[in-house]
Structure formats: structure tokens, C-alpha cells
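In what follows, a structure is listed as C-alpha cells, so that the remarks can point back to it.
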Amino acid sequence: MLFDYATLKLIWWLLVGVLLIGFAIMDGHDMGVGSLLPFVGKNDDERRVVINSIGAHWEGNQVWFITAGGALFAAWPMVYALAFSGFYWAMMAVLWALFFRPVGFKYRNLVKDQRWRNAWDWGLFVGSFVPAVVFGVAFGNLFLGVPFSFDQMMRSTYTGSFFQLLNPFALLCGLVSVTLLIMQGGAYLAHRTEGVIQDRTVKYAMISAIVMVVLFVGAGVWIQSIDGYAITSQIDPAALANPLTKEVVVQPGAWMANYAKYPMAWAFPALGIIMPLLTAVLLKARKTLTAFVTSSLAIVGVIMTAGVSLFPFIMPSSTAPNASLTIWDSVSSHLTLMVMLYVVVLLLPIVVFYTSWAYSVMRGKVTVAYIRENDHTSY
């Protein structure tokens, strides 16, 4: 085959990261716009402008969400199984919140009653804000360890609860996530609007960018006091998946070890700090398209910071550290990873091309005048 098993495991770690970044950039700006909706739109026409800025694209952006979930299922089946069982109620909260998005987009404009429309506006807010927080909370819990174990038959047992997920550090990570996506959505919305809507959007996006940097730095300081995980036994990267064949210790400073080993990795947290501040400056100067680019780079920095800090762990276990899932021992077979790689190489450029073409065709400002002239065709 083209790549050996160990190399494929690394490639799929990178590809899952790329898919998560793509999801955060594309669907993330939809969530950011939805979170801003009740605050930047002061009347029905203004809120329709906000909704129509993402109305033509939000369904297409769900491709990144579905693809990331599918890749997780196929490449890391043990991680998928534990995440969707252990984090069951958190995932259900995300699903229930997401229900408001398609229904809100489709139903809001069907009844010309302000109470009806206001209710759906807040529904769209919930469907955008809650998932953004929960995704960050989930990442935060990975650093603390997830309470699961395996028996000798590789049957998993999860001993945590929903409220254990809502610990202070995880909630801080949730706030980092939601402020990051509000900044991203604000940069996009500022680019697609003008006048008072753009002015309000810029204000909120700048505040979110600054708050996000403070929270991100705070999380970085906090994580240095959290005991991390380290593998102490020999690892065979080409071995078949079996998480019970290694030895893992929990020790102070372990989550910072990769930065000492690979100093270039500091570029990622640097992106997570510098790019939001640059985004705020660019938004103030109304360089909105460039601000969207720098905001997207901030997302790259934050997600890769988490990935590099955890590497090679994907889901550490607080109950049985030796059962922690890593990129070496929680993956699918060599053949599965290779076939999936062919599929990604073929389909991912098509998705990127189509998405770029769609945004190019439907570019330009969304205005109140446009909404009024196209009352029956717009959201």
C-alpha cells in the first residue's frame, strides 16, 4: 500500500484536525452570526438582513459537521463510541439545540407576527450558542480525563455524569469556544452588511476577540497546573489497535511536554493570541475580509494548540489511565484508513471548490433594501 500503518495513523490525526478546523471556520461563522442575531438586529428588517447573510450557505456548511463526525466514526471507532455514549447527554443537548436552526430558518418568515418571529430569533440564538459552548466544554474535559475503562473483552464502562462535565475548567474552555465563534461570525457578518448593522457587529466582534484572548491565555495558565498524561512504555506505531497494551502515568506538566520537545509548536498558541487581536484592529478599520482571514487563522491556532497539547492522546481516561485512547491504539485497520484516504483526496477538493464557488456567486452586501425588494424569496 502507499503508506504504512504508522504513517496513516499520523495522517488521519492531521485530517481529523483539518476537518474540525473546517467545521469551526465554516459552520462556526454560522453559529457566530446566530449568536449575534438578537443583539445586532434591532427590528425585523435588520434581523432578516442578518439571517439572509448566512441563509444561502448554512445548510452547505453542515457538510463539514457531517464529514467530521463520519471521519471520527470510521478512523477512530473507539473514540466515536466512547464520545457518543459517555458524552450522551451533552450530545443530546447539542442535538436539541440544533433542531432550532433548520426549523427557525424555514418557519420564521412564514407568519408576519412579531412575537412569532422574535421567538424563532431566540431559537436561532439557542441553536447557535449552545453547541458552541458544548463543543468547548467537551475539549476541556479531555484535558481533565474522561472517566471510562475497558474490561478484557474491550467492553467500555463510563462512570461519569452530565454535571461532571460542567466543571470550572471545561466551562472556561466553553467560553473560549463561544467567544471564538462569535468573533468569526462577527467578521463574516461585518463583511456582508453595512450601516448600523455592521457598526453593531464590529463592536460585538471586537469585544469577543479581546475577551477570547484573555480567556485563552487564562486557560493556558490554568492547564499548567493540571496533571497531564504521558506514556511510559514502548509504543509500536504499526501495531494493531489495543489501548490496554501500554502504560500511562499522570504527572504535573505533561500537557506542556510537546512544546518543550517541539519548540515550533508554540506557533499555534501564538496564532490563538495574535490573530484575534489583529482581527479586532482590522474590524475597527473596516478591513472585513482580511479580518475574516485572521479570525480563521485564530481558529487554526486554538484547535491545533489543543491537538498538540494532547498528542498523542485523543481521549485520556481518568479512571484507568492505561486505557487512554491515543492515535496509535484506537484507530481502524490499515485497509480502512487507506480506503478512506483515497475518498478524502477525491472528495475534499470537490467540497472546497463547490463551497468557494457558492460563496463567490452569492457574494456582496445584504441590505434592508434588498430584503424589502425580495420579500417572498428571502428568509
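Only heavy atoms go into these numbers, but all of them, side chains included; no hydrogens, no water, no symmetry mates.
- Partners of T245 by side-chain hydrogen bond (donor to acceptor under 3.5 Å, both in side chains), not counting sequence neighbours: none found.
- Sequence neighbours left out, not one pair with a member in residues 185-195 passes salt bridge (Lys or Arg N to Asp or Glu O under 4.0 Å).
- For residues 119-140, every residue pair satisfying the side chain to side chain donor-acceptor pair (under 3.5 Å) rule, not counting sequence neighbours, is listed here: R47-D121, R108-D121.
- Scored by the salt bridge (Lys or Arg N to Asp or Glu O under 4.0 Å) test, R155 finds D151 as partners (sequence neighbours excluded).
- The side-chain contact (heavy atoms from CB on, under 4.5 Å) test with M26 is passed by exactly one of N61, V63, I21: N61.
- The list of side chain to side chain donor-acceptor pair (under 3.5 Å) pairs with a residue in residues 63-73, not counting sequence neighbours, is empty.
- Every residue two or more places apart in sequence or in another chain was checked for a side-chain hydrogen bond (donor to acceptor under 3.5 Å, both in side chains) with N242, and none qualifies.
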Check: residues 231-240 side-chain donor-acceptor pairs under 3.5 Å, at least two apart:
unit_1: T232; atom_1: OG1; unit_2: E247; atom_2: O; d: 3.3
unit_1: S233; atom_1: OG; unit_2: E247; atom_2: N; d: 2.9
unit_1: D236; atom_1: OD1; unit_2: A238; atom_2: N; d: 3.1

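- Here V202 sits in one hydrophobic cluster together with M206, L283; the rule is ILVMFWY side chains under 4.5 Å apart, joined directly or through other members.
- For residues 289-306, every residue pair satisfying the side chain to side chain donor-acceptor pair (under 3.5 Å) rule, not counting sequence neighbours, is listed here: Q184-S295, Q184-S296, T279-T294.
- With respect to D4 and K9, no salt bridge is recorded, no charged nitrogen being found less than 4.0 Å from a carboxylate O.
- Sorted by first and then second residue, the side chain to side chain donor-acceptor pair (under 3.5 Å) pairs involving residues 78-106 (not counting sequence neighbours) are D27-R101.
- Checked against side-chain hydrogen bond (donor to acceptor under 3.5 Å, both in side chains), Y354 has no partners two or more places apart in sequence or in another chain.
- Hydrophobic clustering, with ILVMFWY side chains joined whenever heavy atoms are under 4.5 angstrom apart, keeps I66 apart from L98.
- Within the structure, ring pair (Phe, Tyr, Trp, His ring centres under 6.0 Å) pairs that include any residue of residues 249-270 comprise F143-W255, Y229-W255, Y259-W266 (at least two apart or interchain).
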